[in-house]
Q: 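Mind looking over this structure? Questions follow.
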Amino acid sequence: MLVYPSSIDLSTRTLRFLAGQLTARRRDIGTRWRRLPVARQALLALAHQRCGDTFARLAAGFGIGIATVYRYIREAIEVLAALAPTLAEAMRTIRTKVFVIPDGTLLPIDRIAADTPYCSGKHKRHGMNVQVLTDPFGRLLWASRALPGSTHDLTAARQHGIIDALTAAGLKCWADKAYRGAGRPVRVPFRGRHLKQRKRRHNTTHAKIRCLGEQAMATLKGWRLLRKLRCSTHRITAIVQAVLVLHHASA
C-alpha cells in the first residue's frame with residue numbers, strides 16, 4: 001500500500017488539547033508503554049474525526065495494526081465525550097445570551113432499508129437525529145444524544161428536555177417549522193402559501209435570524225466523519241459529543 005503525507009485543517013491548539021487529555025488518561029490507568037506516543041495518538045484520532053479516514057488507511061499511515069487504530073480512536077472519543085457539557089451545564093452559558101436557535105440535523109448512517117426506525121421520512125434516508133443549540137452568532141453551544149432518524153425534531157427536543165429548559169430560563173427561541181406546537185418560548189414562522197404582507201415580513205425576518213443556526217450545522221458537518229457514519233449506532237452519541245468538545249477547544 002502506498003503512503004503519502006497529508007494535512008488536517010485544525011490548529012496545533014486542538015492537537016495539544018487532545019494530547020493533554022490522553023496524557024491524563026494514560027496516567028490514570030497506569031500505562032507504561034504504547035506503540036504510539038500521546039501526540040501521535042491524538043493526531044490519529046483527529047485524522048479520523050476531521051477527515052473521515054478509515055481504520056485501514058490510518059493503520060498504513062501510522063505503521064500500526066487496524067485493531068490498534070480502533071482502540072486508540074475509541075479511547076480518544078471516550079475521553080472527549082466525558083468532557084461534553086450536559087444540557088443543565090450548557091444552560092448556564094445560554095442564559096447569558098439574548099436568544100438561542102435550536103435546530104435538528106440528520107447524520108447519515110450505513111443501514112439497510114429494513115431498519116425502519118432509522119429511516120427519516122423527510123430526508124428519505126437512514127440516519128440519526130441530533131438536536132443542537134446555537135447562540136446569536138451561529139456558534140455551536142450544545143448537542144444532544146443521537147436518536148433514530150425517524151424521530152421528529154419536536155419529539156426529540158421534548159425527549160431531551162430542551163423545551164422545558166428554555167421555558168424555565170425564559171429565553172427567546174427562534175426555530176423552524178418543525179418545532180410548531182412547542183409552546184410560547186419557541187418562535188416559528190407562519191405556514192401557508194398565500195400569506196398577508198405582515199406575515200411575509202415576519203417570515204423574512206425570522207429566516208434572517210435562523211440562518212445563523214445553519215453555521216453551526218456547517219461546523220458540525222465540517223467533521224467529515226459525521227457525513228457518513230459506518231459504526232454502531234450506540235457509538236454515535238459519543239462521537240458527536242467528542243466533536244463538540246474539540247470544536248470548543250479550537251474556538
Side-chain angles (χ1 to χ4, degrees), residues 1-84 105-112 115 118 125-128 130 132 140 143 145-146 149 217-251:
M1 181 178 293
L2 297 176
V3 179
Y4 66 94
S6 184
S7 63
I8 306 174
D9 55 341
L10 293 172
S11 66
T12 55
R13 177 180 179 180
T14 308
L15 179 65
R16 289 195 300 267
F17 170 78
L18 180 53
Q21 297 299 322
L22 291 174
T23 299
R25 163 73 175 175
R26 293 189 182 188
R27 188 185 305 115
D28 291 341
I29 63 178
T31 300
R32 294 184 178 181
W33 178 86
R34 292 206 182 176
R35 288 291 303 274
L36 293 182
V38 171
R40 295 287 287 174
Q41 181 183 356
L43 185 63
L44 171 75
L46 291 176
H48 176 66
Q49 295 178 80
R50 186 67 177 181
C51 304
D53 291 339
T54 63
F55 293 160
R57 292 180 62 181
L58 292 171
F62 284 82
I64 56 178
I66 295 178
T68 305
V69 171
Y70 172 80
R71 289 196 303 270
Y72 281 179
I73 290 176
R74 182 158 188 171
E75 180 183 45
I77 289 175
E78 290 175 352
V79 167
L80 291 170
L83 302 175
T105 186
L106 186 79
L107 301 180
I109 61 174
D110 186 15
R111 285 294 180 273
I112 61 175
D115 294 327
Y118 298 99
R125 64 190 306 180
H126 291 77
M128 299 294 286
V130 174
V132 302
L140 187 63
R145 70 180 187 277
M217 291 305 180
T219 298
L220 203 62
K221 296 298 179 66
W223 297 79
R224 297 173 185 84
L225 178 62
L226 299 181
R227 297 179 186 177
K228 186 67 174 182
L229 290 157
R230 295 177 174 83
C231 61
S232 168
T233 55
H234 298 291
R235 294 188 56 216
I236 294 177
T237 294
I239 292 173
V240 173
Q241 291 175 340
V243 166
L244 177 65
V245 171
L246 288 173
H247 168 67
H248 287 169
S250 61

Q: Can you name the one residue among T233, V130, I239 that meets side-chain contact (heavy atoms from CB on, under 4.5 Å) with L107?
A: V130

Q: Hey, can you pull the donor-acceptor pairs under 3.5 Å for the side chains in residues 243-251, sequence neighbours left out?
A:
residue : atom : partner : partner atom : Å
H248    : NE2  : L140    : O            : 2.9
S250    : OG   : L246    : O            : 3.1
S250    : OG   : H247    : O            : 3.1

Q: Roughly how far, to the nearest 0.5 Å, is the CZ atom of R34 from the CZ atom of R71?
A: 8.5 Å

Q: Could you pull out all residues at least two apart from Y70 that satisfy ring-ring contact (aromatic ring centres under 6.0 Å, His included)?
A: F55

Q: Would you compute the distance between atom CG of L44 and atom CG of L58 and round it to the nearest 0.5 angstrom?
A: 5.0 Å

Q: Going by distance alone, is a donor N or O of one side chain under 3.5 Å from an acceptor N or O of the other, for R25 and Q41?
A: no

Q: Do any N or O atoms from the side chain of R57 and from the backbone of H48 form a donor-acceptor pair under 3.5 angstrom?
A: no

Q: Nearest 0.5 Å, what's the CD-CZ distance between Q241 and R145?
A: 10.0 Å

Q: State, with a plain yes or no, whether a side-chain heavy atom of L229 is found less than 4.5 Å away from one of M128.
A: no

Q: Looking at R74 and E78, does any basic side-chain N land under 4.0 Å from a carboxylate oxygen?
A: yes

Q: Looking at OH of Y72 and CG of L36, how far apart are the two atoms once the value is rounded to the nearest 0.5 Å?
A: 5.0 Å

Q: If you round to the nearest 0.5 Å, how far is CG of L225 from CD1 of I236?
A: 9.0 Å

